[in-house]
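Residue numbers count from 1 along this sequence. Only a predicted model underlies this, so the values are computations on that prediction, with no experimental measurement involved.
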Amino acid sequence: AGTSPAQALSGGRSMDVLEVARSVEQATSMKEKLANESISRARSEVLAQRAKLKATMAEQERMLREEEARLARLEQELRTGINNEERLRIEALRKEIEVCGRDERRLEREVHQRREAMRKATDAYVEAEEQLSAKRKSRKDLESEMTELILSTGRAKDEKLTGLLMQVPASSKHADAPPPAEPPAPPAAPPAAASEAN
């Protein structure tokens with residue numbers, strides 16, 4: 001007794017289900033890896049921009065301290081005695097520095113606001129990436145479940161049809177068999193014998 005066609009077909013379909021499951025798992029893993037890499041890159045960029053901004057602000061703070069020290073020296077020179085031309089120049093520079101300081105503080109506030117907006121946008125991007133990854137995984141799970149259901153239903157239907165086909169030849173033998181032959185009729189009397197009888 002060898003493997004029946006139903007068993008062979010069922011085995012073939014089982015292999016297809018395993019291949020589909022592996023393919024879906026591989027695709028899902030790749031998508032998850034891609035999403036994680038995208039999130040890591042985005043976070044790295046934010047950290048790099050934050051570090052760069054901190055370095056820039058530290059450099060600006062250092063420059064301001066140096067400028068304040070320079071102004072203090074200028075004031076000291078003013079008190080110790082300088083000519084009018086130098087004094088006017090110092091006053092002009094002082095006003096320009098004050099204007100620059102106001103502009104700098106305004107720009108610092110703008111930078112802070114933009115940095116905060118960038119952080120919120122990055123958080124929103126990361127959240128959207130996570131939601132997208134979750135939705136993709138949910139869709140893949142549903143597709144896997146549907147594929148399994150389709151293949152399972154197909155196997156069941158195939159087994160049922162195979163069973164019906166195996167029953168058809170057995171019933172057809174009785175339905176198509178010829179009826180039993182009737183016994184042959186006795187031979188007719190020869191013409192001569194009939195005339196003698198008369």
Side-chain angles (χ1 to χ4, degrees), residues 14-80 82-154:
S14 179
M15 288 299 295
D16 290 343
V17 172
L18 293 176
E19 291 173 358
V20 169
R22 282 195 298 270
S23 177
V24 170
E25 184 178 359
Q26 291 174 357
T28 304
S29 298
M30 291 178 64
K31 292 292 178 63
E32 290 176 350
K33 182 179 179 182
L34 180 61
N36 288 329
E37 290 176 352
S38 298
I39 292 171
S40 297
R41 284 196 301 270
R43 285 176 176 167
S44 298
E45 291 175 0
V46 170
L47 292 176
Q49 291 175 356
R50 182 174 296 172
K52 183 178 179 181
L53 183 60
K54 289 178 66 176
T56 301
M57 293 182 68
E59 179 64 17
Q60 291 177 349
E61 181 68 21
R62 184 188 63 81
M63 293 175 62
L64 284 175
R65 286 196 299 267
E66 291 179 357
E67 186 64 23
E68 288 175 354
R70 190 180 73 84
L71 290 175
R73 289 193 302 269
L74 290 175
E75 288 178 347
Q76 182 64 27
E77 292 176 1
L78 180 62
R79 286 194 295 268
T80 56
I82 54 175
N83 58 42
N84 188 55
E85 181 178 353
E86 291 175 341
R87 185 180 62 79
L88 292 176
R89 179 57 180 164
I90 290 172
E91 289 298 327
L93 288 172
R94 188 192 303 275
K95 291 179 180 179
E96 291 179 5
I97 291 171
E98 289 175 353
V99 171
C100 289
R102 288 193 297 270
D103 291 339
E104 186 174 2
R105 287 189 292 273
R106 177 182 57 80
L107 291 173
E108 284 177 352
R109 289 193 298 269
E110 183 177 348
V111 167
H112 176 73
Q113 292 173 355
R114 291 182 181 274
R115 182 173 66 250
E116 185 66 18
M118 181 179 65
R119 184 189 64 78
K120 291 181 180 179
T122 301
D123 292 343
Y125 167 77
V126 171
E127 182 180 358
E129 280 283 350
E130 291 174 350
Q131 291 178 355
L132 176 59
S133 298
K135 188 60 65 176
R136 284 175 175 168
K137 184 177 184 302
S138 177
R139 178 176 60 82
K140 290 295 182 182
D141 291 343
L142 292 174
E143 289 177 352
S144 178
E145 181 180 354
M146 185 183 72
T147 301
E148 174 63 27
L149 182 59
I150 290 173
L151 295 177
S152 176
T153 305

| query | Is Glu45 salt-bridged to Arg41, going by a charged N under 4.0 Å from an acidic O? | reply | no
| SG of Cys100 to CZ of Arg105: how many Å apart, nearest 0.5 Å? | 11.0 Å
| query | What distance separates Asn36 CG from Lys31 NZ, expressed to the nearest 0.5 Å? | reply | 13.5 Å
| request: Could you tell me whether the side chain of Ser133 and the main chain of Glu129 form a donor-acceptor pair under 3.5 Å? | output: yes
| Does the Ser152 side chain pair with the main chain of Glu148, one donor and one acceptor, at a distance under 3.5 Å? | no
| Does one side chain, of Arg115 or His112, offer a donor that lies under 3.5 Å from an acceptor on the other? | yes
| Salt bridge between Arg62 and Glu66, side-chain N to carboxylate O under 4.0 Å? | yes
| query | Measuring from Glu25:CD to Asp141:CG, what's the distance to the nearest 0.5 Å? | reply | 10.5 Å
| said: Let's go through Glu143 and Val24 carefully: what are the C-alpha distance in whole Å and the side-chain angles of both, what is the deciding distance for side chain to side chain contact (heavy atoms under 4.5 Å, CB included) to 0.1 Å, and is it a yes or a no? | reply: CA-CA 9 Å; Glu143 289 177 352; Val24 170; 5.9 Å; no
| Other residues, nucleotides, ligands: >12 heavy atoms within 6.0 Å of Arg119 CZ | yes
| What's the verdict on salt bridge (charged side-chain N to carboxylate O under 4.0 Å, His left out) for Glu67 and Arg70, showing C-alpha distance, side-chain angles and the deciding distance? | CA-CA 5 Å; Glu67 186 64 23; Arg70 190 180 73 84; 2.6 Å; yes
| message | How about CD on Glu108, more than 12 heavy atoms from neighbouring residues, nucleotides or ligands closer than 6.0 Å, or not? | response | yes
| message | Check whether Ser44 reaches the backbone of Ser40 with its side chain - one donor and one acceptor, N or O, closer than 3.5 Å. | response | yes
| query | Thinking salt bridges, do Glu91 and Lys95 make one under a 4.0 Å N-O criterion? | reply | no
| task | Starting at CD of Gln60, measure out to CD of Glu104 and round the result to the nearest 0.5 Å. | result | 5.0 Å
| query | Is Leu142 close to Arg139 at the side-chain level, that is, under 4.5 Å between some pair of heavy atoms? | reply | no
| field | Separation of Arg136 CZ from Glu32 CD (nearest 0.5 Å) | value | 11.0 Å
| said: Distance check, rounded to the nearest 0.5 Å: Thr122 atom OG1 versus Ile39 atom CD1? | reply: 12.0 Å
| message | When you compare the side chain of Glu145 with that of Leu149, does any pair of heavy atoms fall below 4.5 Å? | response | no
| Can a salt bridge be assigned to the pair Glu110 and Arg114 using a cut-off of 4.0 Å between side-chain N and carboxylate O? | yes
| query | Does atom CD of Glu37 have more than 12 heavy-atom neighbours, drawn from other residues, nucleotides or ligands, at distances under 6.0 Å? | reply | yes
